[in-house]
Amino acid sequence: MGTFKNADGKPVLLKMVKGIQDNKAYLGEVDGLIGDGDHGMNMNKGFSLFEDRFKDKEFGFAEGLNELGTILFSEIGGSMGPIYGNILMGMADAGEDFDEIGVADLAAMLENGLKELQDIVEAQVGDKTLVDTLSPAVDVLKAAGEAGKDYKEALEEMKAAAAQGRDSTKDMVAKFGRSSRLGERSRGVLDAGATSCCIILTAMADGIMELL
Amino acid sequence: MGTFKNADGKPVLLKMVKGIQDNKAYLGEVDGLIGDGDHGMNMNKGFSLFEDRFKDKEFGFAEGLNELGTILFSEIGGSMGPIYGNILMGMADAGEDFDEIGVADLAAMLENGLKELQDIVEAQVGDKTLVDTLSPAVDVLKAAGEAGKDYKEALEEMKAAAAQGRDSTKDMVAKFGRSSRLGERSRGVLDAGATSCCIILTAMADGIMELL
Amino acid sequence: MQRIMNDPDIIVDEMLKGFLKAHSDIVEATENPRVVKAKDIPEGKVGVITGGGSGHKPAFVGYCGKNLCDAVAVGEICSSPTAQAFLDAAKVADQGKGVACLYGNYSGDNMNVKMAVKMAKKAGVTVKTVVANDDVASAPKDQREKRRGVAGEVLMWKVGGAKAAKGGDLDEVIAAAQKAIDNTRSVGIGLTPCTLPAVGHPNFEIKDGTMEVGIGHHGEPGIEVCELESAEKMAKRMVDVVVPDYPFESGDEVVVLVSGLGATPVMELYVLYDEIDKLLAEKGIKTHKAYVGNYFTSLEMMGATLTIMKLDDELKELIDMPANSMGLKQF
Amino acid sequence: MQRIMNDPDIIVDEMLKGFLKAHSDIVEATENPRVVKAKDIPEGKVGVITGGGSGHKPAFVGYCGKNLCDAVAVGEICSSPTAQAFLDAAKVADQGKGVACLYGNYSGDNMNVKMAVKMAKKAGVTVKTVVANDDVASAPKDQREKRRGVAGEVLMWKVGGAKAAKGGDLDEVIAAAQKAIDNTRSVGIGLTPCTLPAVGHPNFEIKDGTMEVGIGHHGEPGIEVCELESAEKMAKRMVDVVVPDYPFESGDEVVVLVSGLGATPVMELYVLYDEIDKLLAEKGIKTHKAYVGNYFTSLEMMGATLTIMKLDDELKELIDMPANSMGLKQF
Ligand SMILES: Nc1ncnc2c1ncn2[C@@H]1O[C@H](COP(=O)(O)OP(=O)(O)O)[C@@H](O)[C@H]1O
Ligand SMILES: Nc1ncnc2c1ncn2[C@@H]1O[C@H](COP(=O)(O)OP(=O)(O)O)[C@@H](O)[C@H]1O
Ligand SMILES: [Mg+2]
Ligand SMILES: [Mg+2]
Ligand SMILES: [Mg+2]
Ligand SMILES: [Mg+2]
C-alpha cells in the first residue's frame with residue numbers, strides 16, 4: 001500500500017537520467033556485440049538533453065515523463081526516439097490526471113506505455129527486445145496492484161521481473177532490429193534495449209521508493 | 001680494339017631487358033625512398049613489352065634499340081617513355097648505318113642518345129638524375145675510343161664510370177623529377193633513374209663482351 | 001581515425017551548414033534544422049520526400065532537387081531521422097496534393113515514418129509511403145518485406161520524383177515508385193569496415209584478403225565471407241545473386257547502377273562495371289542506361305553495390321527525365 | 001590491399017572500357033585506346049585537350065565533355081600519358097583552329113607534351129599549352145614555375161572549355177585558361193597514404209594521428225607534418241596558405257573548390273567547407289560559386305584540397321556556363 005505525489009516526481013526522473021548516463025559505455029558495449037554499438041550514445045543523448053533543459057525547472061512525474069518522451073521522440077531519431085518516446089509519453093498520458101500515484105496507478109501507466117509501444121513495433125515477448133523487460137514488469141506490477149501489495153514490495157518484485165526479463169533475452173534469437181540480421185548468431189548475449197529498459201525501470205522504482 | 005656485328009646485337013638487347021626485369025623490385029625500392037616507387041614497374045613494363053614482341057624475331061643492335069625506344073616512347077608514358085625513348089632512339093639513329101660497331105662507334109651512339117635526352121630535359125651532371133650515370137659513361141667510352149683502347153677494357157671502364165656516376169647521386173640533392181620536391185631531404189639515397197641507367201649500360205657492356 | 005571533423009556529436013549539423021551553402025542554387029534550409037527542401041518547387045505538384053541516416057552521401061540530402069525529392073529528413077550518422085523531421089518534411093512538401101514518402105526498410109525509419117504519417121494525418125496532410133527493399137542478400141525472396149533498402153532507393157527517387165514532376169497524382173506517384181522498387185534488385189560487397197566518428201573504431205571487421213558478400217550499408221552481415229576475388233569473379237558473384245532473384249531475363253531492358261561504398265577509387269567501379277556489363281550482355285539483358293559512381297555510400301567503407309532495375313515504357317521515360325540535385329545531375 | 005581489380009597491369013584499359021560504356025552519351029573511343037574524345041563536338045571550334053595519369057578520377061577523362069575538354073590522353077596510374085597519346089588527342093580535337101593543351105606541371109607530362117607539340121607541328125596541327133601550377137605548397141612563390149598543378153586544373157578546364165565553346169580563337173582560349181590558373185591557388189592536406197594497385201603497399205606513410213599539410217596528388221611530401229587537427233583548424237591552415245599567396249583580398253569575388261582525395265567521406269568535405277566559408281566571409285572575400293566533392297582524387301587517399309580562384313567578369317561568365325561531363329555537370 002501507499003502512494004507518492006505526482007507533483008513530487010522530479011527526483012524520479014533525474015534518477016532515470018542518471019541510470020542511463022552511468023551506463024552509457026556499458027550499453028554501447030552490449031549493443032556492440034550484436035548491434036551497431038550506439039545504444040548507449042543514443043540513450044544518453046536524449047536523456048541528457050532532458051536533464052539540461054529541465055534540471056532547473058519544477059515538474060511532476062507524469063509531466064516529466066511527457067517532456068522526456070517528447071524530446072526522445074522529436075529530437076532523437078533511430079529506433080530509440082520512437083520506442084522510448086512512445087513508452088514514456090504513453091505512461092504520461094495515462095498518469096497526467098493522477099494526484100497521487102499508487103501501485104495500481106503506476107501499473108496502469110506502464111501498461112499504457114507498453115500499449116503505445118506495440119502500436120509501432122511488432123515485437124512480442126521472446127523476440128529479444130526491450131519488450132522482454134517491459135512486459136513482465138507490467139504484469140508483475142499489475143498483479144501486485146490487484147493484490148493490494150505493499151508499494152516497496154511491489155517495486156522490488158517489478159525490478160526482479162525486469163531483471164529476469166532482461167536476462168531471458170540472452171538465450172533468445174533476435175527477431176527485430178539490427179541484431180535480427182544475425183539469426184542464430186545473435187544468441188548468447190543480452191539485448192541492448194532490454195538492458196536499458198531494465199536500467200530505466202530499476203532507477204524509476206528506486207526513485208519512487210525514496211518518495212514513499 | 002675489336003668490333004661486333006651490328007646484325008648480331010639481339011642478345012645484347014635481351015640482356016638489357018633481363019637486367020631491368022631482374023631489378024624490377026630493387027628499382028621500385030630505390031624510387032620509393034624519395035620518389036613514388038614505380039620506377040621498376042615503369043621500366044619493366046616497357047622492356048618486357050619489347051621482349052614479348054621481339055624475342056622471336058631477328059634484329060640487329062641499332063634496330064633493336066630503335067624498336068625498344070619506340071615502344072617506350074609510344075606506349076610507356078611517365079618520364080621513362082620520353083627519357084629512355086629519346087636515349088635509345090638517339091643511339092639507334094647514330095648507329096643504324098654501322099655494319100661493325102667498334103668502341104668509338106658505340107661512344108658516338110651513346111653520345112647521340114645523351115644529346116637527344118638533353119633536348120627534352122634540362123638536367124645536368126650533378127642534378128641527381130640518370131644524366132649522372134650516362135654522361136660519365138659517354139665521356140669514358142669516347143676517350144677510350146680515341147685512345148684506341150681494347151674493347152673489353154673500354155667496356156669495363158665504362159661500367160665503372162657508370163657505377164661511379166650512379167653512386168655519386170647518393171650525396172646529391174635532386175633538382176629535377178619528383179624527388180626534387182624534397183630538397184635537402186633527397187640527399188642520402190641513390191637516384192632511381194641513375195640506378196636503372198647503370199643497370200642498362202652494364203648489361204649492354206656485358207652483352208657486347210660476349211659477342212667479342 | 002583519420003577524419004575531418006570537429007565535435008563528432010555535431011558533425012551532421014555542421015555538414016548540413018556546408019551542404020546548404022555549397023548548393024544554395026538547388027536546396028534551402030527550412031524551420032526544422034534537420035529538414036532540407038528543394039529550391040523553387042513547381043507549384044501544384046505532389047510532394048516527394050525521403051529521409052534516412054547520415055553518412056551515406058549523396059544519400060539522402062543529395063537527392064533533394066529538381067525532379068527528385070522536394071524535401072529530405074536528415075538523421076544522425078547511420079540512424080533514422082526523427083518522426084518530427086519526417087513530419088516536417090511532409091509539411092514542407094505538401095501543396096494540398098499529398099506527399100509520397102519514399103524511404104528504405106530499416107526498423108528505425110519504419111517506426112519514425114509510421115508515426116509521422118499518423119501525425120501528418122492529424123495535421124491534414126495525406127502521406128503515402130513506399131518502402132524500398134531491393135537488397136536481395138538481406139532476406140530470402142519469400143520474406144521480401146524484410147529486405148533492406150539500399151542503392152535501389154536512388155532509382156525509386158528518380159522515378160517517383162519524375163512522376164510527380166510530370167503531374168502524376170499521389171496514387172500515380174506511389175504506384176510508379178512502388179513499381180520502380182519492385183522491379184529493382186541489389187547486392188553489395190564490402191571490402192573494409194567503416195568507423196562512426198563518435199565511436200572511433202570500426203564496429204565490425206572485414207579481414208584483409210577477404211570480402212563480405214551481401215553486406216549492408218551499416219555493415220549488416222551478408223550472406224558469406226570469402227576470399228577477396230578478382231573484379232571478374234566479384235561481378236559474377238553479384239550478377240548471380242541479383243539476376244535470378246527478380247529474375248532478369250534475355251530481352252529485358254534494364255538500368256544498371258554500380259555504386260561505390262565510399263572509399264573505393266572510382267576507377268575500380270568502372271573495372272567492375274565493365275565485367276558486369278559483359279555478363280549481362282551474355283545473358284541477352286540490354287542496358288538502357290548505366291550509373292557508375294558514388295551514389296549511396298557508407299562513410300569510408302570500401303566495396304561496391306550492384307543494382308539492376310527492369311524497365312517498361314513508363315519507367316524508361318521517368319528514368320530519362322532530366323534531374324538536378326547534388327547527387328544526381330542528368331541532362 | 002582491398003581493391004576491386006583484375007590484373008593490375010591492365011587496370012587502366014579495363015577502367016576505360018567501363019567508362020566508355022557507362023558514359024556513351026558523353027564520350028567515345030578513338031583509334032588510340034588511350035585517347036577519349038567528347039561526343040558531338042561542335043564544329044569549327046578551337047580544340048581543348050588535357051591528359052594525365054590515372055587514379056585521379058574524375059580527373060582526367062571525367063572532364064571530357066560538353067563545354068569542357070574535347071579529348072583527353074590517359075596515362076597509367078599516377079604516370080603521364082605517352083607523347084603519342086597527347087599527339088593523338090590533339091589530332092582528334094583539331095578542326096583547323098588549333099588546339100589548347102591544358103595540363104598539369106609534372107616532369108613526365110612536361111616532357112610528353114613538349115614532344116607531342118613538336119610532333120603535332122610536323123603534322124600541321126598547332127598546339128599551344130597552359131601548364132597548371134596552382135599548388136602553393138610545392139614551391140615558393142618566386143619559383144611559381146616549379147609548382148605542381150592540382151585541383152585548380154578543373155577550373156582551368158572549365159574556363160578554357162567554355163571559352164572555346166563560346167567561339168574564342170586559340171590565343172583567346174589560351175589567354176583565358178592562363179588567366180584562370182594565374183588567378184588560382186590550391187593546397188592539400190593528406191590524412192592517409194594511397195597504394196598503387198601494381199605495387200601493393202603504400203609507398204609513403206602518414207602516421208595515424210598526424211596529417212601532412214601541402215601533400216601532392218601522388219603523395220609528394222608537403223610543407224609540414226603535424227598532429228591531426230579539427231576541421232576548424234585544418235580550414236584555417238589551408239586558408240592561411242592559399243589566401244596570402246595570391247593574395248585574395250576583401251572585396252574579391254572567388255570560386256571555391258573543396259575536393260576530397262578519394263576516401264574521405266563526402267560529409268566531411270562539407271564540414272570543412274563550412275569552416276573555410278566562415279574564414280573567407282570574415283576576410284570579406286565573396287564566394288560566387290562553390291564546388292564541394294570528389295573532383296580530383298588520389299586513389300584511396302584520405303584528405304582534401306582547397307582551391308580558390310579570383311574572378312573577373314570574363315571568368316565569371318565562363319565558370320557559370322553549363323557543362324556536361326562525368327566529373328562536372330552544371331546546369
Ligand atoms: N523493430 C523493433 N522492435 C522492437 N525493439 C526494437 C526494434 N528495433 C530495435 N529495437 C530495440 O532497440 C535496441 C537497439 O537500440 P539502438 O542501438 O539504440 O538502435 P539501433 O538498432 O537503431 O542502432 C534493440 O536492442 C532492441 O531492444
Ligand atoms: N625532369 C627530369 N630530368 C631528368 N631526369 C628525370 C626527370 N624526371 C625524372 N627523371 C629521372 O627519372 C627517374 C624517375 O623515374 P620514374 O620513377 O620511372 O618516373 P616518375 O618520377 O614519373 O615516377 C628519376 O630518378 C630521374 O633519374
Ligand atoms: Mg544500435
Ligand atoms: Mg617514380
Ligand atoms: Mg544505430
Ligand atoms: Mg611515377
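By convention in this document, chain letters (A, B, ...) are assigned in the order of the sequence lines, proteins followed by strands, and residues within each chain are numbered from 1.
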With a 4.5 angstrom heavy-atom cut-off, is it the side chain or the backbone of C:Thr264 that approaches chain D, or both, or neither? side chain
So does C:Lys236 have more than 12 non-hydrogen atoms from other groups sitting under 6.0 Å from NZ? no
Just checking C:His23 against D:Tyr270, ring centres under 6.0 Å apart? yes
Contact class of C:Ile77 relative to chain D, heavy atoms under 4.5 angstrom: side chain
What's the separation between atom NZ in C:Lys329 and atom CG in D:Leu328, rounded to the nearest 0.5 Å? 9.0 Å
Is there side-chain contact between C:Met1 and D:Leu228, with at least one heavy-atom pair below 4.5 Å? no
Rounded to the nearest 0.5 angstrom, the OG-CD1 distance for C:Ser230 and D:Ile4 is 11.0 Å
Ring centres under 6.0 angstrom apart (C:Phe331, D:Phe331): yes
I'd like to know if the side chain of D:Asn6 reaches the main chain of C:Glu232, judged simply by a donor and an acceptor atom lying under 3.5 Å from each other, with no hydrogens or angles considered. yes
Ignoring hydrogens and angles, tell me if any N or O in the side chain of D:Gln2 forms a donor-acceptor pair with the backbone of C:Thr210 under 3.5 Å. yes
How close do C:Leu299 and D:Met267 get, counting heavy atoms only, and between which atoms? CD2-SD, 4.2 Å
Non-hydrogen atoms of chain C under 4.5 Å away: do they reach the side chain of D:Val12, the backbone, both or neither? both
Is any side-chain heavy atom of D:Glu300 closer than 4.5 Å to a side-chain heavy atom of C:Glu300? no
Residue C:Gln330 versus chain D: region with a heavy atom under 4.5 Å: backbone
C:Met326 versus chain D, heavy atoms under 4.5 Å apart: side chain, backbone, both or neither? side chain
Could you tell me the separation between the NZ atom of C:Lys57 and the CG atom of D:Leu269, rounded to the nearest 0.5 Å? 10.5 Å
CE of C:Met302 to CZ of D:Arg3, rounded to nearest 0.5 Å, is 5.5 Å
Which of C:Pro322, C:Ala290, C:Gly303, C:Ala22 touches chain D most, by non-hydrogen pairs under 4.5 Å: C:Ala22
If I compare all heavy atoms of D:Met5 with all of C:Val271, which pair ends up nearest, and what's the gap? CA-CG1, 4.3 Å
Select one option (side chain, backbone, both, neither) describing which atoms of C:Met234 are under 4.5 Å from chain D's heavy atoms. side chain
Between NZ on residue C:Lys278 and NZ on residue D:Lys21, distance to nearest 0.5 Å: 6.5 Å
Between C:Asp277, C:Val292, C:Leu272, which residue shows the highest count of heavy-atom pairs closer than 4.5 Å to chain D? C:Asp277
